Amino acid sequence: MNKTICLALTGASGMPYGLRLLECLLAAGCQVQLLYSQAAQIVARQEMDFELPSRPAEAKAALLARLPATVDPEKLAVFGREEWFAPVASGSNPPDAMVVCPCSMGTLAAIAQGLADKLIERAADVVLKEGRKLILVPRETPLSAIHLENMLRLARAGAVILPPSPGFYHHPQSVDDIVDFVVARILDQLAVPHTLMQRWGE
Ligand SMILES: Cc1cc2nc3c(=O)[nH]c(=O)nc-3n(C[C@H](O)[C@H](O)[C@H](O)COP(=O)(O)O)c2cc1C
């Protein structure tokens, strides 16, 4: 699979979705450009006891240490918050698609307003303007009218709003099964093959 996917981890609850998605993208042979916010580092520590270092090179090493040894390190590029020379910063070199997973309401609002102060927001802005697929996995509950308006605005701009809403009709036996349900939906949107779960009707 020769796709380039930009994956942004932000500070919403749901870091297991983001890290499982990273693993599946790399297992499928995708080139992954990984971005992460400061709040994502806090959530990774809180939810997964995972220290995601601030320096991108150290973050790459920490991520690779968690991933299966079969992963090709060359397929993972990690960029800092204001690394404006990263390919994702320019419409001249956009990824095939971008996923923000998990996506905080803060980052969702920034993207909805076209802000580009941070590389994550700028990359999303670029993906939208270049007509590539932008998938947001927002997590909050309940949702205010502001959250809903931002989501509607983004959906109208072409983004896919994919809340982590697992179904239970496949009888999940573990948290991992629930995580995989959501990750499978994201991979389907990206047209990245997977065998995470049986398809309905098969
Ligand atoms: C453990 C933890 C869980 C959080 N969960 C959420 C959440 O589910 N949704 C959300 O929108 N913000 C959540 N937040 C708040 C965001 O991290 C905060 O608004 C932050 O500024 C978002 O920054 P970012 O968008 O740059 O990652 C959480 C924060 C922490 C520390």
Side-chain angles (χ1 to χ4, degrees), residues 1 3 5-30 32 34-37 39-40 42-44 46-50 63 66-68 71 95-109 111-112 120 124 127-128 132-202:
M1 162 105 347
K3 283 189 178 173
I5 309 292
C6 176
L7 170 60
L9 310 171
T10 71
S13 184
M15 202 52 64
Y17 298 120
L19 294 187
R20 178 68 166 146
L21 178 60
L22 174 65
E23 183 182 338
C24 292
L25 290 172
L26 291 168
C30 295
V32 180
L34 189 94
L35 316 180
Y36 58 104
S37 70
I42 298 168
V43 176
Q46 172 69 25
E47 295 192 332
M48 306 187 76
D49 289 325
F50 175 42
L63 287 160
R66 290 180 58 92
L67 291 163
V71 163
D96 293 304
M98 176 171 178
V99 188
V100 186
C101 176
C103 182
S104 74
M105 291 303 122
T107 292
L108 185 114
I111 300 171
I120 291 176
V127 165
L128 277 182
R132 304 291 167 96
K133 196 163 216 173
L134 175 64
I135 301 169
L136 304 174
V137 185
R139 194 269 148 198
E140 189 47 273
T141 193
L143 294 164
S144 73
I146 293 172
H147 300 146
L148 292 165
E149 279 181 3
N150 284 335
M151 287 187 215
L152 180 59
R153 190 176 164 90
L154 284 160
R156 285 187 169 141
V160 174
I161 307 296
L162 195 157
S165 310
F168 289 85
Y169 48 79
H170 65 309
H171 302 291
Q173 301 297 307
S174 65
V175 173
D176 286 349
D177 287 351
I178 293 172
V179 169
D180 278 358
F181 181 99
V182 172
V183 172
R185 296 279 76 75
I186 302 169
L187 293 168
D188 285 348
Q189 280 291 324
L190 293 168
V192 170
H194 66 85
T195 53
L196 288 184
M197 54 181 295
Q198 215 176 346
R199 291 180 190 281
W200 188 251
E202 285 181 359

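Predicted model only: the values in this text are computed from it and were never measured.
- What you find for Ser13 and Pro102 is that their closest heavy atoms are O-CB, 3.6 Å.
- A heavy-atom distance below 4.5 Å is found between the side chains of Phe50 and Leu63.
- Taking both residues in full, the closest heavy atoms of Ala40 and Leu9 are given as CB-O, 3.2 Å, listed atom of the first, atom of the second, then distance.
- Inter-residue side-chain proximity for Leu134 and Ile111 is flagged as met; some heavy-atom pair is nearer than 4.5 Å.
- Two residues are said to be in side-chain contact when any heavy atoms from C-beta on lie closer than 4.5 Å; Val99 and Leu21 meet this criterion.
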Name each donor-acceptor pair under 3.5 Å that joins a side chain in residues 141-153 to protein atoms two or more places apart or in another chain, with its distance.
| unit_1 | atom_1 | unit_2 | atom_2 | d |
| --- | --- | --- | --- | --- |
| Ser144 | OG | Ile146 | N | 3.2 |
| Ser144 | OG | His147 | N | 3.2 |
| Ser144 | OG | His147 | ND1 | 3.3 |
| His147 | ND1 | Ser144 | N | 3.0 |
| Asn150 | ND2 | Ile146 | O | 3.4 |
| Arg153 | NE | Ala112 | O | 2.7 |

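- For the side chain to side chain contact (heavy atoms under 4.5 Å, CB included) test, residues two or more places apart in sequence or in another chain that qualify with Val43 are Met15, Glu47.
- Using a 4.5 Å heavy-atom threshold, the side chains of Met197 and His170 count as touching.
- Of the possible donor and acceptor atoms, one in the side chain of Lys3 sits under 3.5 Å from a partner among the backbone N and O of Leu190.
- Across all their heavy atoms, Pro164 and Pro138 have their closest contact at CD-O, 3.1 Å.
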Please tabulate, one pair per line, all N/O donor-acceptor pairs under 3.5 Å involving side-chain atoms of residues 177-186, not counting sequence neighbours.
| unit_1 | atom_1 | unit_2 | atom_2 | d |
| --- | --- | --- | --- | --- |
| Asp177 | OD2 | Gln173 | N | 2.8 |
| Asp180 | OD1 | Arg20 | NE | 2.6 |
| Asp180 | OD1 | Arg20 | NH2 | 3.4 |
| Asp180 | OD2 | Arg20 | NH2 | 3.1 |
| Arg185 | NH2 | Asp188 | OD2 | 2.7 |

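- Considering only heavy atoms from C-beta on, Leu136 comes within 4.5 Å of Leu108 through its side chain.
- Residues satisfying the side chain to side chain contact (heavy atoms under 4.5 Å, CB included) test with Ser104, not counting sequence neighbours, are Thr10, Ala12, Thr107.
- What you find for Cys24 and Leu187 is that their closest heavy atoms are CB-CD1, 3.7 Å.
- Here the closest non-hydrogen pair linking Met98 and Ala8 is CE-CB, 3.9 Å.
- In this structure, the side chain to side chain donor-acceptor pair (under 3.5 Å) partners of Gln189, at least two apart in sequence or on a different chain, are Lys133.
- Put simply, the residue from Leu35, Leu34, Ile135 that forms a side-chain contact (heavy atoms from CB on, under 4.5 Å) with Leu7 is Leu34.
- Side-chain atoms of Val192 and Cys30, non-hydrogen and from C-beta on, do get closer than 4.5 Å to each other.
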Working note: Val137 + Val100, criterion side chain to side chain contact (heavy atoms under 4.5 Å, CB included); need CA distance, chi angles, decisive distance, verdict. CA-CA 6 Å; Val137 185; Val100 186; over 6 Å; no
